[in-house]
Structures are given as structure tokens and as C-alpha cells.
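Proteins come first, then strands; the chains are lettered A, B, ... in the order of their sequence lines, and each starts at number 1.
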Number of protein chains: 2
Amino acid sequence: MIAESSQLETRLKGLVRVPEDDLARALLFFTPVFFKKTEYLLSQDQVSNQLYFINSGLVKSYLLQDGKEHIRQFAAENDFIVDLQSFLSRQKTSFFIQALEDTAALAISFDNLNMLFESSFHFMKLGKTLADQSAISLIRRSVSLVKDDAKKRYADFMKERPGLVQRVPQFMIASYLGITPESLSRIRKEMVHG
Amino acid sequence: MIAESSQLETRLKGLVRVPEDDLARALLFFTPVFFKKTEYLLSQDQVSNQLYFINSGLVKSYLLQDGKEHIRQFAAENDFIVDLQSFLSRQKTSFFIQALEDTAALAISFDNLNMLFESSFHFMKLGKTLADQSAISLIRRSVSLVKDDAKKRYADFMKERPGLVQRVPQFMIASYLGITPESLSRIRKEMVHG
DNA sequence: CCCTCAAATTGACCTATGGTAAGAAATGCG
DNA sequence: CGCATTTCTTACCATAGGTCAATTTGAGGG
């Protein structure tokens with residue numbers, strides 16, 4: 001086992017029970033990769049071919065529309081990130097994934113990941129568990145977008161990702177929340193006072 | 001095999017390749033259930049314990065907030081529906097699932113579904129595939145909620161679920177789109193004219 | 001066939017958020 | 001340290017969508 005994979009190992013063990021030797025074999029397929037701040041892990045019109053597990057650092061996934069960035073997800077330590085649509089369908093992505101900090105990650109290719117899933121019941125179950133959890137958090141997000149106003153979404157974001165508020169520039173949090181930086185600035189002013 | 005399960009069989013075969021005898025065995029665990037219009041498949045504060053496959057009819061999943069309905073999903077023929085969060089976590093749901101038409105469905109309990117998943121690699125893969133697809137469509141929805149205005153979301157809804165526009169009252173489509181019935185009415189007026 | 005009730009429309013008005021622009025503050029780099 | 005660039009704030013006005021109330025439309029039951 002390589003040193004970089006211990007966080008990943010812990011994370012996977014937290015998801016489902018996997019026999020030690022299976023787990024060790026899986027970890028061999030993850031390759032350490034490093035991205036400097038502003039580097040891209042994925043760019044529009046590529047086919048997403050790597051799933052990343054973030055060991056340290058921070059990345060954002062976003063798409064462009066009329067030159068405007070719409071952030072879909074932040075991924076930090078112990079998060080996975082990929083464009084699932086492109087990764088699974090082998091079609092071109094419409095997303096970018098970009099490092100917001102110098103980032104150390106472990107990458108696994110589509111073919112290798114698939115091979116792992118197909119090679120063992122435990123891995124397939126692990127894949128299902130990851131997909132289940134993604135779906136649940138995506139339901140939360142889409143419900144919140146129709147149910148809550150921007151102030152509530154910001155308050156929730158601070159509660160759910162407390163570390164990120166200091167690490168992500170405000171205009172990107174605004175983008176993630178679906179509002180303008182100006183609106184977020186006003187919301188923050190309101191919260192400090194009455 | 002029971003008659004009601006042929007649609008489900010077709011649907012499952014479309015997702016992943018499953019040996020015929022495994023598939024036949026699985027179908028035995030699905031029980032036909034019927035709901036009259038307005039009946040509830042699931043109510044707030046229950047633990048979601050059944051996953052439904054809709055053979056015919058139409059249901060909505062929604063939650064209440066200050067007496068207002070926020071519709072999260074419509075499920076019609078050949079759709080699955082469940083509150084994934086509650087179903088997987090065994091915690092109380094905050095959703096309702098209610099029939100909008102007389103509905104014939106196939107239900108499988110959490111325990112039986114889990115047993116099927118655990119019993120065979122093919123079923124686990126099928127479960128993963130379903131979860132993957134849910135996640136992808138949820139990503140689409142949440143992206144659209146931050147990226148598109150109400151007019152675009154309505155146009156997309158008509159394109160993606162063309163049958164539903166005639167079967168679902170307008171005020172429910174509005175709720176699904178995250179706007180008021182009045183706004184949807186104005187949007188429709190605009191679309192007819194300029 | 002009418003009556004009733006729910007749904008849809010419309011109009012007037014209101015509020016949250018967006019757009020633009022400018023300046024202030026913070027950050028990063030030579 | 002100090003300049004340059006990015007980010008944040010503020011102010012002003014514009015707009016999408018919300019609220020409320022009044023009609024109108026439409027569907028189902030008696």
C-alpha cells in the first residue's frame with residue numbers, strides 16, 4: 001500500500017465493510033496526482049475519465065453560461081469528485097473541475113474503477129453506497145433551492161461546510177448558492193446587524 | 001412470474017444484464033399494490049419502508065413548509081419512487097408521496113430489497129445503476145435551478161416530461177418548478193404571444 | 001343540466017434579488 | 001514595503017417572481 005492511500009482507506013472502510021486484501025488491492029489502482037492552485041482536473045468538452053479522491057486541498061466543479069460561472073460542488077479533504085454524467089456515459093462534459101488550493105488527490109480511471117466494481121461484490125456495493133449518498137445529498141440541495149431563500153441557504157451552507165467559509169472566496173460561495181456576490185454581501189451585512 | 005411484473009422486468013433488463021432466473025426470483029418479492037387518487041403511499045413522520053415501481057397511474061412526492069407544498073418529483077408509468085433518505089437511513093421521512101391518479105404499483109420492502117441486493121452481484125449492480133441514474137438526474141435538476149430562469153425550466157419540463165403537462169394540474173407543475181401558480185400562468189401567456 | 005368548488009387567470013402592488021458602477025479593502029507579488 | 005489585482009462593499013435602479021384579491025373557467029356530482 002502507498003502512503004497517500006491511508007485517508008482513502010479510512011474513508012472506504014467507513015462506507016462498507018470490505019475484506020482487507022480486497023481493499024489493499026483496490027488502493028493499488030489509485031494514482032497520486034497533484035494540482036497547483038488554478039489548475040484544471042477536468043475541462044469542458046473532455047470526457048471525464050478520472051474519479052478523484054481529495055487528500056488535501058480544495059477544488060470546485062462548475063459550468064459556464066454566458067461567461068458566468070455556476071458552481072455545482074466544492075470538494076475538500078476526503079471528498080470524491082467527478083462529473084458523474086460524463087464519467088458514466090463517456091460523453092463530453094459541460095463542467096470544469098479546478099483547484100482552488102494546491103491539491104493532492106488520488107485518481108482512478110474509468111476502466112480501472114469499473115474493473116474493480118466488476119471484480120467484486122464488495123466493490124460494487126461500495127459503488128452503490130457512494131451513489132446512494134450522492135443522490136441523498138443532491139435531493140437535499142435541490143429541495144433547498146426551491147424551498148429556502150438565499151439567506152437560509154447561506155446559513156445552512158455555513159453550518160454544513162463550516163471549514164469552507166474561510167477557504168472559499170465569497171463570490172464563489174454566492175455562485176454555489178445561486179445568487180450574485182452583491183446579494184451575498186448584503187445578506188451578510190443583515191446577519192451581522194438585525 | 002406474476003402478470004403485473006412484466007413492465008418491471010422490461011425496465012430492469014434495460015438497466016443491466018441480469019440472468020433470467022435471478023430476475024424471475026427477484027420479481028417474486030414485488031407485491032402489487034393499488035392506490036386511489038389522493039391516497040398516500042407515504043406520509044411525513046413515517047419511516048419509508050417500501051420502494052414502488054409504478055405500473056400505471058401517477059404520484060407526486062412533496063414536502064410541506066408553512067402549509068405550502070413543495071413538489072420534488074413526479075413518478076408515472078415505469079418510474080421508481082421512494083424517499084431514498086428515509087428508506088436507507090431508517091429515519092422518519094419529511095416527505096409525502098400521494099397518488100394523483102388511480103395508481104397500480106409494485107412494492108418491495110426495505111428488508112426484501114436489501115436481501116436481494118446482498119444475494120447477488122447482479123442485483124447490487126442494478127441497485128448501483130439505479131442510484132447512479134438518480135444522481136445524474138438530480139444534478140441536472142439542481143444545476144437548472146441555479147442556472148435557468150422559470151421560463152426555461154418550464155420549457156425544459158415540457159420537453160422532458162411531455163406527457164405530464166396534460167396530466168398534472170398547472171399549480172403542481174409550478175410547485176415542481178419552484179414558482180407560484182400565478183407566475184406559471186404569466187409565463188404561459190407570454191409563450192403563446194410574443 | 002345546473003351548481004359547486006377547485007383551478008386558472010388577471011391586475012395591482014410588493015419584495016428579493018440582479019445589474020451596473022464605483023470605491024474600499026484585502027491579497028498577492030515584485 | 002508598495003503596487004497591482006482581485007475581492008468585497010455600497011448605492012442606485014431594474015426585473016423576476018411573490019402576494020393578495022377579484023374574476024373567469026372548467027370539471028364532476030347531484
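When the P atom of D:dT9 is taken as reference, atom CE of A:Met191 falls 13 Å away, rounded to whole Å. Rounded to an integer number of Å, the gap from B:Lys152 NZ to D:dA16 P is 17 Å. Separating the NZ atom of A:Lys151 from the C1' atom of C:dT15 is a distance of 12 Å, rounded to the nearest angstrom. Distance B:Phe171 CZ to C:dA6 P: 10 Å, rounded to the nearest Å. Atom P of nucleotide C:dA8 and atom CG of B:Leu177 are separated by 13 Å, given to the nearest angstrom. Here D:dG17 presents its C1' atom at 16 Å from CD1 of A:Ile179, a figure rounded to the nearest Å. Across the protein-nucleic acid pair, B:Ile187 atom CD1 and D:dT15 atom P stand 17 Å apart, rounded to whole Å. The separation between B:Asp66 atom CG and D:dG18 atom P is 15 Å, rounded to whole Å.
When ring centroids are compared, A:Phe30 and A:Phe53 stay outside the 6.0 Å threshold. A:Phe80 has its ring centre no less than 6.0 Å from the ring centre of A:Tyr52.
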Return the polar atom pairs (N/O with N/O) between nucleotides 20-27 of chain D and the protein under 3.5 Å, or none.
residue	atom	partner	partner atom	Å
D:dC20	N4	B:Glu182	OE2	3.3

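Residue A:Lys189 places none of its side-chain N or O atoms closer than 4.0 Å to OP1 or OP2 of D:dT9. Within the 4.0 Å cut-off from OP1 or OP2 of C:dT9, at least one side-chain nitrogen or oxygen of B:Gln170 is found. One finds no side-chain N or O of B:Ser183 lying less than 4.0 angstrom from the OP1 or OP2 phosphate oxygen of D:dG17. For A:Arg188, no side-chain nitrogen or oxygen approaches OP1 or OP2 of D:dC8 to under 4.0 Å. The side chain of A:Thr180 places an N or O atom within less than 4.0 Å of a non-bridging phosphate oxygen (OP1 or OP2) of C:dG18.
Residues B:Thr93 and B:Asp83 have side chains that bring a donor and an acceptor to within less than 3.5 angstrom of each other.
Between B:Phe96 and B:Tyr62, the ring-plane angle classifies as parallel under the 30° and 60° cut-offs.
The residues A:Glu9 and A:Lys13 are annotated as salt-bridged, a charged nitrogen and a carboxylate oxygen being separated by less than 4.0 angstrom. Salt-bridge annotation for A:Asp148 and A:Arg153: absent, with no side-chain N of the basic residue lying under 4.0 Å from a carboxylate O of the acidic one.
The residue A:Lys68 sits close only to the backbone: its heavy atoms come under 4.0 Å of sugar-phosphate atoms, none of a base.
Between B:Gly178 and B:Lys37, the residue anchored nearer the 5' end of DNA chain D, judged by the nucleotide with its closest heavy atom, is B:Gly178.
B:Val146 is not listed as a side-chain neighbour of A:Arg72, based on a closest heavy-atom distance of 4.5 Å or more.
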